[in-house]
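As structure tokens, the structure follows; a few thoughts come after it.
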Amino acid sequence: QVQLVESGGGLVQPGGSLRLSCAASGFTFSTYVMNWYRQAPGKEREFVAFIGRSGGTTNYANSAKGRFTISRDNAKNTVYLQMNSLKAEDTAVYYCHAAGPRENYWGQGTQVTVSA
């Protein structure tokens with residue numbers, strides 16, 4: 001049974017930091033590239049960050065560059081998103097996504113709220 005379980009969301013003040021985690025199971029994690037997406041209320045889901053299978057390649061949305069860092073630990077089947085200098089416009093449900101050669105999987109999401 002494939003599972004992607006996000007954690008680490010919550011309420012944080014502007015300028016603060018959060019570290020999201022996504023624990024994977026039920027598939028060969030190291031053979032999947034991983035992404036983080038987010039969806040704000042009333043908006044479409046949007047790409048945030050990408051990491052290659054070995055972790056050597058990353059890519060970010062312009063909104064995340066310089067503030068967010070994606071990483072992965074293949075030994076722990078986990079992908080992370082370190083988010084610094086958070087802004088109100090980062091408020092959204094954050095989803096991890098696993099993309100393989102034939103399948104892709106989504107987590108259930110974790111809420112991040114940036115507010116004073």
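Numbering starts at 1 and runs along the sequence shown.
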Could you pull out every donor-acceptor pair under 3.5 Å between side chains of residues 33-41 and any protein atom, sequence neighbours left out?
{"residue": "Asn35", "atom": "ND2", "partner": "His97", "partner atom": "ND1", "Å": "3.2"}
{"residue": "Trp36", "atom": "NE1", "partner": "Tyr80", "partner atom": "O", "Å": "3.3"}
{"residue": "Arg38", "atom": "NE", "partner": "Glu46", "partner atom": "OE2", "Å": "2.6"}
{"residue": "Arg38", "atom": "NH1", "partner": "Asp90", "partner atom": "OD1", "Å": "2.9"}
{"residue": "Arg38", "atom": "NH1", "partner": "Tyr94", "partner atom": "OH", "Å": "2.9"}
{"residue": "Arg38", "atom": "NH2", "partner": "Glu46", "partner atom": "OE2", "Å": "3.1"}
{"residue": "Arg38", "atom": "NH2", "partner": "Ser63", "partner atom": "OG", "Å": "3.4"}
{"residue": "Gln39", "atom": "NE2", "partner": "Lys43", "partner atom": "O", "Å": "3.1"}

All N/O donor-acceptor pairs, side-chain side in residues 49-60, below 3.5 Å, sequence neighbours left out:
{"residue": "Ser54", "atom": "OG", "partner": "Gly56", "partner atom": "N", "Å": "3.4"}
{"residue": "Tyr60", "atom": "OH", "partner": "Ile70", "partner atom": "N", "Å": "2.9"}

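Nearest approach of Phe29 to Val79, heavy atoms of both residues: CZ-N, 4.0 Å. Ala24 and Leu4 get closest at one heavy-atom pair: CB-CD2, 3.5 Å. The shortest non-hydrogen separation linking Thr78 to Lys76 is OG1-O, 2.8 Å.
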(request) Show the numbers, then the answer: is there a side chain to side chain contact (heavy atoms under 4.5 Å, CB included) between Leu11 and Ser115? (result) CA-CA 7 Å; Leu11 174 64; Ser115 175; 4.1 Å; yes
(request) Carefully, step by step, assess Tyr95 and Thr110 under the rule side chain to side chain contact (heavy atoms under 4.5 Å, CB included). (result) CA-CA 7 Å; Tyr95 299 89; Thr110 186; over 6 Å; no
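In this structure, Met83 and Leu20 have side chains that are in contact, with non-hydrogen atoms separated by less than 4.5 Å. Annotation: side chain of Arg45 is in contact with side chain of Trp106 (closest heavy-atom distance under 4.5 Å). Residues Thr91 and Val112 have side chains not in contact (no heavy-atom distance under 4.5 Å, counting atoms from C-beta outward).
Residues forming a side-chain hydrogen bond (donor to acceptor under 3.5 Å, both in side chains) with Thr113 (at least two apart in sequence, or on another chain): Gln111. The side-chain hydrogen bond (donor to acceptor under 3.5 Å, both in side chains) search around Tyr32 returns Glu103, not counting sequence neighbours. Listed by chain and number, the residues in a side-chain contact (heavy atoms from CB on, under 4.5 Å) with Thr28 are Ser30, Thr31 (sequence neighbours excluded). Taking Gln108 as the reference, Glu6 meet the side-chain hydrogen bond (donor to acceptor under 3.5 Å, both in side chains) condition, with sequence neighbours excluded.
Remark: Cys96 SG to Leu81 CG distance equals 10.5 Å, nearest 0.5 Å.
Under the 3.5 Å distance criterion, with hydrogens and angles disregarded, a donor-acceptor pair is assigned to the side chains of Asn84 and Ser17.
Linking ILVMFWY residues whenever their side-chain heavy atoms come closer than 4.5 Å, directly or via other members, leaves Phe47 and Phe68 in distinct clusters.
Counting heavy atoms of neighbouring residues, nucleotides and ligands inside a 6.0 Å radius, atom CD of Glu89 exceeds 12 of them.
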